Structures are given as C-alpha cells and as structure tokens.
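For clarity, every value in this text was computed on a predicted model and none was experimentally measured.
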Amino acid sequence: MSKLPFRRIIDAPDFWRLWWVGLIIATVRWVETVAVGIVVYQRTESAFLVAMMTMLRLLPMGLFGVLLGALAERLDRSRMLVVVVLLMAATSAVLAILDKTGQLEIWHLAFASFINGCGWCTDNPVRRVMIGEVVGREKMSLAMSLDVGANNASRMVGPVIGGILLAGAGLEGVLILSTLMYCAALWAVLTVRARAAHAAEPGPVLARIAAGLALARSDKRIRGVLIVTVIYNVFAWPFTSMIPVIGRDRLHLGPEGVGLLATMDGIGAFVGALVLALWLTPRWYGRAFVGGVLCYMLTVVIFALAQNPVLAGAALLLTGVGGAGFGTMQATLVYLASPPEMRSRILGVLTVCIGIGPIGFLWLGWLADRIGSHSATALTGTLGLLAMATTWRWWKEI
C-alpha cells in the first residue's frame, strides 16, 4: 500500500481529533472495566455479577442503536458527541464522590455501567460516520484500521492502568483519572470543525428505521456481516468479563497481574490492526473479517483451558490478533456496502447486533457460577465455532 493515504489522513486534523476522542473513551472503558470487575468480585465473589457489569455497558446498544442511527441523520453529530462525553464524565465524577464518602454500592456501579453504555452505543452511528465523512470512502478502511488500532492500544494500557491504580489509589483514584480523561476528550470534540450534512429528506424516524432494516435484510454483504457480528458478540466477546475471574481463581494473580494479563489481548490487537493498515487490500476484507472471528474463538478456548499465566497470556495475544481483523473490517464492510444517505441507519443496525451481546454475558455469567469460569468460557467459545459452521451459507459471500 502506498504511503500517500497515510499522508492524506495525517493532513486531516478533524480525523485525528475524532481518533483522539475514540482513544480516550476506549482507554477509560478498559480502565474501568478491569477495576470495576475486580471490585465487584472482591465484594460479592460472584462471577455472574462481574459479567453483568460488562453486559450493562452493551445493553443500550441493543435497546437504542437503531433509534440513534436514525436520529444521527437528523441532528448535529458534533453536538451529539459533546453531550455523550459530558454525560460519561459526569457519571465517573459522581461515582468518585460516592466512593470518597463511603456511599458507593454495587447498584451504583451497575447503573453507571448502563449510562456509559448509552454513550458507547453512539460510536458507530455518530463518531465513526463523522470519520468517514472527513476521510472519504476510499480511505475508510485505512481510517478504521487506525481507529481500531487506537482502540486496541487502549486495551494494552487500560487494564494495566486500572489494575495498578486500583491497587495503589483504590477505586476513587481510578474514577478521578476517568473524569480527567473524559475532560480531555471533550476538549478534542469541541475543536472539531467539520459539520456533517444532514439528510435532504428527513422523513419520520420510524420510517427511516424501517428502510434501514429492509436494506440490512436484502443486501447479502450487510446481512452476512450482521450475522457474524451477532455470533461474535454472543459467543466470543463476553469472555472478556471472565478475565479478572480466571486470572484470580485459576491463575492466582493479584490486581496488577490481572491487569497485565488483560493487556495481552490489547497488544495482539494493536499489532494486528497495524498489519491490516499497512498491507490489507480490498479483496481480503471479507477474509480478514471472518478469519479474525474464527481465530478469536479458537484462542478463547485455549485461554480458558490454560493453567499458567504465560500460556494464558500467549492465547490472549492471538485473541487480540483475531479481534483486530473483526473489529477493523466490521464497520468498514458495512460502511462501504451502505448508500451514503443510509450509513448512520445501517451502522445503527450494526450497533444493535453488537448490543445483542448481553445475552452472551447473561449466559456466560450464569454458567460460570455453576461449572466454573474457565469451563464456561471454553464451552461458550466452542459453541461459537459451531454457530459459525452452521451459518456458513449466510456469510460466505462477505
């Protein structure tokens, strides 16, 4: 691949502002996910409740994804992004105050996870559509590689920061850092100059949603991506909620060790995203997407069955590589296959498919409390591979 696309994206300041916002929000997400998971497990000894904290961050995607996708075509996306970042910053600040005063309860953490999930579900129909408008269709894949690379970099540093800060400064220190980082993201959003063009024919929101769903059903490429996305988010992604539990109970690690273990996935994903950005060509987009999912599920099973931290960490590295293929190509394939006037809506449908993940978290948390976290994780990953095999005819044309 030529170096020219890199040069053009570097010369687009708004892309880098939006990239920076994504990096900060993703880093905070991982810092809080690890810290909150450890705290909840320490207080309750329930793997189910740990899974629920992550599940609540995904639930709004399933509830509101399509609606937000349609609304994003009617409203100023930059203003929507400002409101989202403000909401998440306020949530972390309130939690910090509650912890400082000794009033923080598990239900507070659960409610905050849901609120932050509401912010997260705007990422595809708002921030990533803004990225596409800034860089153009022909550079969307490269832009998504860089954006996913940033997300994966956050997975390298976020868990480590969360574990070390939790051990040294407690949950209050984690939440104060989160608030400050959100403020930095807010500054970046306020400096974005580009303004998206709104739909020429607004129309009723429900009618626009129905049109988006109809296209998702009729287009083979979009339908295949959505099916694979559902399988990934039910059988693969939920395993991340079990990393703190498996790290503590099976691998006998402390908070710092759990944070270091969790960052292995991010390292592999960062490297994978970098490789995709440098060498992936359009004709390999579908293969990178499907192959990434298969690699992810296989290595999830290996991680769950590993009995020492080194092997577990190596498996998580490969899990990250597979996740990079899935994460980079997921939004790219849907964006490229969608008509320009419907991209927010279709990416909203994609967000709903991601939001189906709570089913996987409920299943995995329930099963982990009955047969153990590592056995439940291995079984769920195996079921995911079987699901991919049985749905082959629907995604083979991606």
Side-chain angles (χ1 to χ4, degrees), residues 29-30 32-63 106 109-110 113-114 116-117 120 155 159 227-251 253 258 261-262 264-265 293-307 312 315-316 318-320 322-323 326-327 352-391:
R29 184 186 309 140
W30 283 103
E32 291 186 347
T33 296
V34 170
V36 169
I38 292 172
V39 168
V40 170
Y41 195 61
Q42 286 174 341
R43 293 190 183 184
T44 68
E45 295 290 331
S46 171
F48 177 79
L49 288 179
V50 173
M52 290 308 96
M53 294 299 128
T54 307
M55 181 274 288
L56 287 168
R57 289 180 182 264
L58 288 173
L59 185 59
M61 293 187 176
L63 296 177
I106 297 298
L109 296 173
S113 294
F114 180 81
N116 283 329
W120 190 7
R155 291 161 62 186
I227 289 172
V228 174
T229 295
V230 169
I231 293 173
Y232 175 89
N233 282 281
V234 171
F235 296 105
W237 176 250
F239 104 96
T240 57
S241 67
M242 290 294 106
I243 293 177
V245 181
I246 293 174
R248 176 181 164 178
D249 287 356
R250 186 169 175 83
L251 302 175
L253 301 173
V258 170
L261 180 68
M264 293 297 104
D265 180 43
V293 173
L294 295 174
C295 173
Y296 193 100
M297 290 180 178
L298 179 61
T299 49
V300 162
V301 175
I302 296 173
F303 163 75
L305 299 178
Q307 297 187 29
L316 286 179
L318 294 176
T319 298
F326 170 81
V352 171
C353 293
I354 297 171
I356 292 175
I359 296 173
F361 283 92
L362 282 169
W363 154 261
L364 182 57
W366 175 84
L367 191 64
D369 276 348
R370 283 154 181 79
I371 67 174
S373 56
H374 69 282
S375 298
T377 301
L379 176 59
T380 302
T382 302
L383 291 174
L385 291 170
L386 291 174
M388 287 293 291
T390 57
T391 58

Novice: With respect to V230, which candidate in I227, V234, N233 satisfies the side-chain contact (heavy atoms from CB on, under 4.5 Å) definition?
Specialist: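 It is V234, the one option of I227, V234, N233 that forms the side-chain contact (heavy atoms from CB on, under 4.5 Å) with V230.
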
Novice: Once you measure the plane-to-plane angle for F326 and Y232, does it fall in the parallel (<30°), tilted (30-60°) or perpendicular (>60°) bin?
Specialist: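 Parallel: the ring planes of F326 and Y232 meet at under 30°.
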
Novice: Rounded to the nearest 0.5 Å, what separation is found between the CZ atom of F235 and the CG atom of L379?
Specialist: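 Taking CZ in F235 and CG in L379, the distance rounds to 9.5 Å.
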
Novice: If you look at every heavy atom in F114 and P60, which pair is closest and at what distance?
Specialist: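 The pair with the smallest heavy-atom distance is O-CG, 3.4 Å.
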
Novice: Any idea which heavy atoms bring L261 and G247 closest together, and the distance?
Specialist: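 Heavy atoms only, the tightest pair is CD2-CA, 4.2 Å.
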
Novice: State, to 0.1 Å, how close C353 and T229 come at their nearest heavy-atom pair, and which atoms those are.
Specialist: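 Taking C353 first and T229 second, the nearest heavy atoms are CB-CG2, 3.9 Å.
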
Novice: Does any N or O in the side chain of R250 come within less than 3.5 Å of the main-chain N or O of A306, such that one atom is a donor and the other an acceptor?
Specialist: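 Here the side-chain-to-backbone pair exists.
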
Novice: How far does OG1 of T44 sit from CG of L49, to the nearest 0.5 angstrom?
Specialist: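 Answer for the OG1-CG pair, T44 versus L49, is 4.5 Å.
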
Novice: State, yes or no, whether a side-chain contact exists between F303 and I243 at a heavy-atom distance under 4.5 Å.
Specialist: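 Side chain of F303 against side chain of I243, heavy atoms only: contact under 4.5 Å found.
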
Novice: Could you state the interatomic distance from CG (L251) to CD1 (I246), rounded to the nearest 0.5 Å?
Specialist: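 Rounded to the nearest 0.5 Å, the CG-CD1 separation comes out at 7.5 Å.
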
Novice: To the nearest 0.5 Å, what is the distance between CG (L59) and CD1 (I356)?
Specialist: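 Answer for the CG-CD1 pair, L59 versus I356, is 11.5 Å.
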
Novice: Could you check whether any side-chain N or O of T240 sits under 3.5 Å from a backbone N or O of W237, counting only pairs where one atom can act as donor and the other as acceptor?
Specialist: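 Checking the backbone N and O of W237 against the side chain of T240, a donor-acceptor pair under 3.5 Å is found.
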
Novice: For the atom pair OG1 (T319) and CG (D265), what is the distance rounded to the nearest 0.5 Å?
Specialist: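 Those atoms lie 6.0 Å apart.
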
Novice: For G384 and M297, work out which heavy atoms get closest and say how close.
Specialist: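 Between these two residues, the closest heavy atoms are C-SD, 3.3 Å.
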
Novice: Tell me the closest heavy-atom pair linking S241 and V50, and the distance in Å.
Specialist: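 Scanning both residues, the minimum pair turns out to be O-CG1, 3.4 Å.
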
Novice: So, do L364 and F48 sit near enough that their side-chain heavy atoms are less than 4.5 Å apart?
Specialist: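 No - every pair of side-chain heavy atoms lies 4.5 Å or more apart.
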
Novice: Less than 4.5 Å apart, any side-chain heavy atom of M53 and any of L109?
Specialist: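 Answer yes - side chains close enough.
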
Novice: Does any non-hydrogen side-chain atom of T380 lie less than 4.5 Å from one of F239?
Specialist: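 A side-chain contact under 4.5 Å is absent here.
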
Novice: Kindly give the heavy-atom pair with the smallest separation between R248 and V258, and that separation in Å.
Specialist: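 Heavy atoms only, the tightest pair is N-CG2, 4.2 Å.
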
Novice: For W120, is the NZ or CZ atom of R57 found under 6.0 angstrom from the centre of its six-membered ring and inside 45 degrees of the ring axis?
Specialist: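 Because its charged atom misses either the 6.0 Å distance or the 45° angle limit, R57 does not stack over W120.
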
Novice: Which distance, rounded to the nearest 0.5 Å, do you find between the OG of S373 and the CG of L367?
Specialist: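 It is 10.5 Å, given to the nearest 0.5 Å.
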
